[in-house]
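These notes are about the structure you will find just below.
Along the sequence shown, the residues carry numbers beginning at 1. What you are looking at is a predicted structure, and each value in this text was computed from that prediction instead of being measured.
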Amino acid sequence: VQLQASGGGWVQGGGSLRLSCAASGRTFTSRAMGWFRQAPGKEREFVAYIRWSGGITYYEDSVKDRFTISGDSAKNTVYLQMNSLKPEDTAVYYCAAALRYCVEYGCYSGSYKYDYWGQGTQVTVSS
């Protein structure tokens with residue numbers, strides 16, 4: 001299984017980008033898909049996830065009202081629309097897929113919940 005993330009790039013502060021992530025290889029059924037990011041010198045952190053059952057979405061506080069996650073469970077694809085970007089959003093963004101069901105709200109915010117990871121796409125926001 002491979003997850004391919006794309007859509008990163010350079011943008012001025014206040015601008016927008018849309019990240020995409022598509023799965024290929026062996027067929028699998030994901031329960032949720034998410035986005036994480038890692039800035040230089042920092043640990044990887046959670047950004048957002050979507051749980052297919054019920055269409056539940058969950059965001060890290062700093063991206064609420066600016067980022068929107070969406071996707072297609074049948075295709076194991078996920079998107080991240082990022083608006084009003086700030087320099088502090090600069091990072092490598094990773095998509096991930098979780099195979100196990102988790103009902104608690106917010107439970108997919110932990111990286112250990114995910115089984116497959118993409119290779120990352122760089123997002124750079126200038127001030």
Value rounded to 0.5 Å, distance of CZ in Arg66 from CD in Gln81: 12.0 Å

Min side-chain heavy-atom separation Phe36-Val92 under 4.5 Å: no

How far does SG of Cys102 sit from OH of Tyr105, to the nearest 0.5 angstrom? 13.0 Å

Met82 and Trp35, any side-chain heavy atoms less than 4.5 Å apart: no

Identify whether Tyr93 and Val78 are in the same connected component of the hydrophobic contact network (ILVMFWY, side-chain heavy atoms under 4.5 Å). yes

Are Phe67 and Ile50 connected in a single hydrophobic cluster, I mean Ile/Leu/Val/Met/Phe/Trp/Tyr linked by side-chain heavy atoms less than 4.5 Å apart? yes

If we only count heavy atoms from C-beta on, is the Tyr116 to Arg26 side-chain gap below 4.5 Å? yes

Would you mind checking if Asp61 and Lys64 are paired as a salt bridge, meaning a charged N to carboxylate O distance below 4.0 Å? yes

Please tell me whether Tyr114 and Ile56 are part of a single hydrophobic cluster in this structure, the criterion being side-chain heavy atoms less than 4.5 Å apart. yes

Residue pairs passing the side chain to side chain donor-acceptor pair (under 3.5 Å) test where at least one lies in residues 47-59, sequence neighbours excluded: Ser30-Trp52

Look at the side-chain heavy atoms of Ile, Leu, Val, Met, Phe, Trp and Tyr, link any pair under 4.5 Å apart, and say whether Tyr108 and Trp117 land in one connected group. yes

Polar side-chain atom of Gln119 near backbone of Ala5 as donor-acceptor pair, under 3.5 Å: yes

Separation between CD of Gln4 and OG of Ser20, rounded to the nearest 0.5 Å: 10.5 Å

Please evaluate residues Phe46 and Lys113 with respect to the criterion side chain to side chain contact (heavy atoms under 4.5 Å, CB included), reporting the C-alpha separation (whole Å), side-chain torsions for both, the decisive distance (0.1 Å), and the verdict. CA-CA 11 Å; Phe46 166 76; Lys113 290 291 187 180; over 6 Å; no

Which value, rounded to the nearest 0.5 Å, describes the distance between Ser62 atom OG and Glu45 atom CD? 6.0 Å

Return yes when atom CD of Gln2 has more than 12 non-hydrogen atoms of other residues, nucleotides or ligands closer than 6.0 Å, and no otherwise. no

Side-chain donor-acceptor contacts of residues 8-18 below 3.5 Å, not counting sequence neighbours, with atom names and distances?
residue : atom : partner : partner atom : Å
Ser16   : OG   : Asn83   : OD1          : 2.9

Are any of the side-chain heavy atoms of Arg100 and Asp115 separated by less than 4.5 Å? yes

Name the residue from Thr121, Leu80, Val123, Asp89 that meets the side-chain contact (heavy atoms from CB on, under 4.5 Å) definition with Arg37. Asp89

With the side chain counted from C-beta on, respond yes when Val125 and Glu88 share a heavy-atom pair under 4.5 Å apart, and no when they do not. no

Determine whether Leu3 and Tyr79 fall in the same hydrophobic cluster, where Ile, Leu, Val, Met, Phe, Trp and Tyr are linked whenever their side-chain heavy atoms lie under 4.5 Å apart. no

